[in-house]
Amino acid sequence: MATELKTPELSRNAAAAFADKWKSYTDEKQHARGFWSDFFRALCGVDDEEIAGIEYEKRVKSTISGNQEYIDVYWKNVALIEHKSAGENLDKAELQARGYWLSLPPGYRPKTIIISDFLNFRLIDVALNRTHDFPLSKLPENIHRFEAIISGNRTRISEEEITVDQVAAKLMANLYLELEDHGFEGHETSIFLIRLLFLLFGDDTGMWQKNTFLKLVMGTKEDGSDVGSKLDSLFDVLNTPEDKRSKELGNEFKPFPYVNGGIFSEKISVIEFNKKMRIALVDVANYDWTTINPTIFGSLFQLIKNKEARRELGEHYTSEENINKIVYPLFLDELQERLAAAWDNKKELKKLRQDLAKIKIFDPACGCGNFLVVSYRHLRQLELELIVRLNNLEGSQDSMQLDGSMGLSITLNQFYGIEIEEWPAQVARMALFLTDHQENLRLERITGATPNRFPISDAANIINENALIMKWESAVPIDESTYILGNPPFIGTRLQSKEQKESQSIVWQNFKGSVLVDFVANWFVLAAQQVQKSGCEFAFVSTNSITQGDQPSVIWQMLNQYRVEISFAHRTFAWNNESSGQAAVHCVVIGISKKGKYNEKRLWTYESPRSNPIANSCKHINAYLIDGEEVLVGSRRKPLNSATPIMSSGNKPRDGGYLSDISLEEAEKIKKTDPVAAKYLRELVGAEELLNKRGTRFCLWLVDASPNDLKASPVLKLRVSKVLEERLAATSSKGAAANRPSLFETITQPNQNYFAVPSVSSEKRKYIPIEILPKDVILNNALFSISSDDLSLFAILESRAFTVWVQAVSSRMKSDYQISSSSVYNTFPFPTLSSDQHSELVGLAEEVLRIREKFKDVNLGDLYDPALMPLELLKAHGKLDVNVQKIIGLKNNPSDAELLSILFKLYAQASVESLL
């Protein structure tokens, strides 16, 4: 799209001018086309070519009226606009526009419906079921919404929507705090809050006459003394059929329906309210809960009971856009394709509707149910489109009636979850019910009919259990129409509790290496077992760590037993929570099915973790989420190529810093005051010093120190005694290390010049910054050393090929590469070089070093920062890359994916050769 969006300031100014120009226009027939043409050009920077692609008065057969009507403005894949004269009913216009939208074939439906009467706007995100209203006078503050619609960049919930949900959560949190302060906690309080949530939502969304619950609350005594008993009576009423209620029932209780569904069945103790507690309840009841999004309040209400997180209530949202990265490829894309293919075929549409009734959605770590809520909403939307289309084809209103003879195919009974914590399990049940209610309201607006949900007969099947111990088949009948999905806990092996480790051992049954894998991997194993048994499919969000380092080898050795493969995946992206300032977790999405089920796999890649995904089609996705060889790169003690020098860890001080952490100022002082100690000062380099601070850190290297010097030097005597104290206090350092406190705990210092390789390097760098250091510069264990003067090896390490390998197989520290000898260096397929190849690489390495020398006053880290890297150095690396790529069998300018594919192939060959 050629659109160039304006800066925010220009956009607001243009919007203000537009609003002033058009505020006096009222006649839709005379001015609507000019209004929107001017709008797109002046405010959104839409060019003439795009304006030509916008259709005015597009003729369609409305699925609501059955008549031939006209869409005022239709912009394919962008927006459908219904424009009315000033003062006309926008609700009626919305119903009309939704009828037009449903009449369009699935591939032609824009994501947004816009309603306007010149003086007011209504923006409807159809996929996310979000609506935002504002007057023309507020256009400057809302112009960014139109820019997002046109650019397609709608990945974040608006600040206003976040604020609305934050306010609701904080009101609930205040009430909970009052309850907690007066001793009301635990199971019964959880039940009470869930019931209250139901009543608040029902009071504002048409479950009964609006504000009936609010009136009941406001009618209680100001001191709160009768609130508990009133609510207890209300709970009984909601659990009693109308024909069995007492004839003496008070008028304030009569409007409430019989709910059933287990929400009010459990008898709980009466909560005794006081004045402050009542005020908190009144505040909650007075709030408008109409627009609260269940995918958001699920997370928020879970946090209400988390004492540490209450003060950060705005920072914990599950992004619906990210949930869709699972929902669409796992099942929704296929269903939408079937709907599009059957659009003009009544028989196939009815067959699809029957198949919808067979689907089961199962989240075995469901939390507050967000994945289930989003899945349910998408499936209800698809069925709604299907129902309306059938009605349109049959030319009758009969199929629109959703009575006992024609119920919905998609019901809450098809949704299942397991959650180990009681509170989120309760929230999940309620979130799904309230989502069901929202969808019924939408169904009613479109079709004029809605199923009667009271008393509740359908409910989601949420079980409060440990999913790693219970049999999943006892929670859900799993078959080939079952889709397992979710966001299992992200817990590294070092952070797991004793109970979690025990659960993991049950899943893995002492499988070799299983103690190394993250907690989330347990769900992959259990789901893969279900795929083998039933042919179902699953997809989970995971931290990207399970696709890096040693974990892929362990996990896929296990999963391969179940004859499964990756059917789709998203490579590393930032799993954003919908709020500013919230640190993003770096995640992947992995979808798995029975081996051979799909010929084409889908792989989404990202230029950076925060960029938009790029879809790719491929034949195979391996354990590292690469379109490449099916290989598992396991840790090795020695390099694949026996001629390759060993890479060793740096010296490990374990000294409390007394020998190894001497600043430049301290070193200068030692030189002036203690000549004996000064003899043993050496520059010390770790990863930070190598990249950013050469010459700023020193150590006392006492390998050759005589006992007389250790005794004579005040500095050495004091510092060595402190090291001894440090090691004796640390149980892990007792023994040999404590017996030699004058030395680093582990000594691996090279006896010749060496290549210094940082253990961690930024994901942003195109090349790993490696330096050649003299043997008298001491390295610590944040660096690796390679004792070699062979510049051809240096050249390969400084090539793009090596960095791409690091990206694929290394572990991560946050998003940065964590380089190791065993899983990165030793597994890299270093080529065997001819004499000419060796000479060429040496020459190219010398050129890189020569250019570096020109910038010797610049830190190595800055030299290799993509934003700062000198062009001359970048070109030298480019020449080196071409040479290395030619050696390993690639033509110029391969993509990283092509480069990695050949490296995996070479690794597989070298692995076989190393065994011979």
Legend entry - salt bridge (Lys or Arg N to Asp or Glu O under 4.0 Å) involving Asp789 - partner list, sequence neighbours excluded: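 Scan of Asp789 (salt bridge (Lys or Arg N to Asp or Glu O under 4.0 Å), adjacent residues dropped) gives none.
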Applying side chain to side chain donor-acceptor pair (under 3.5 Å), can you list everything that pairs with [X], at least two apart in sequence or on another chain?
X	result
Thr547	none
Asn780	none
Thr605	Asn616
Glu846	none

Inset, instruction - Could I get the full list of ring-ring contact (aromatic ring centres under 6.0 Å, His included) partners for Phe519, not counting sequence neighbours? - result: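 Scan of Phe519 (ring-ring contact (aromatic ring centres under 6.0 Å, His included), adjacent residues dropped) gives Trp523.
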Legend entry - By ring-ring contact (aromatic ring centres under 6.0 Å, His included) - contacts of Tyr680 (at least two apart):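 Listed in chain order: nothing, the list is empty.
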Inset, instruction - For residues 634-662, pull every pair meeting ring pair (Phe, Tyr, Trp, His ring centres under 6.0 Å), keeping only residues two or more places apart or in separate chains. - result: none
Legend entry - Residue pairs fulfilling ring pair (Phe, Tyr, Trp, His ring centres under 6.0 Å) with at least one residue in residues 866-885, sequence neighbours excluded: Tyr767-His877, Tyr864-His877
Can you name the residues that form a side-chain contact (heavy atoms from CB on, under 4.5 Å) with [X], not counting sequence neighbours?
X	value
Val703	Trp701, Leu743, Ile747
Lys595	Arg563, Glu565
His620	Asn622, Glu630

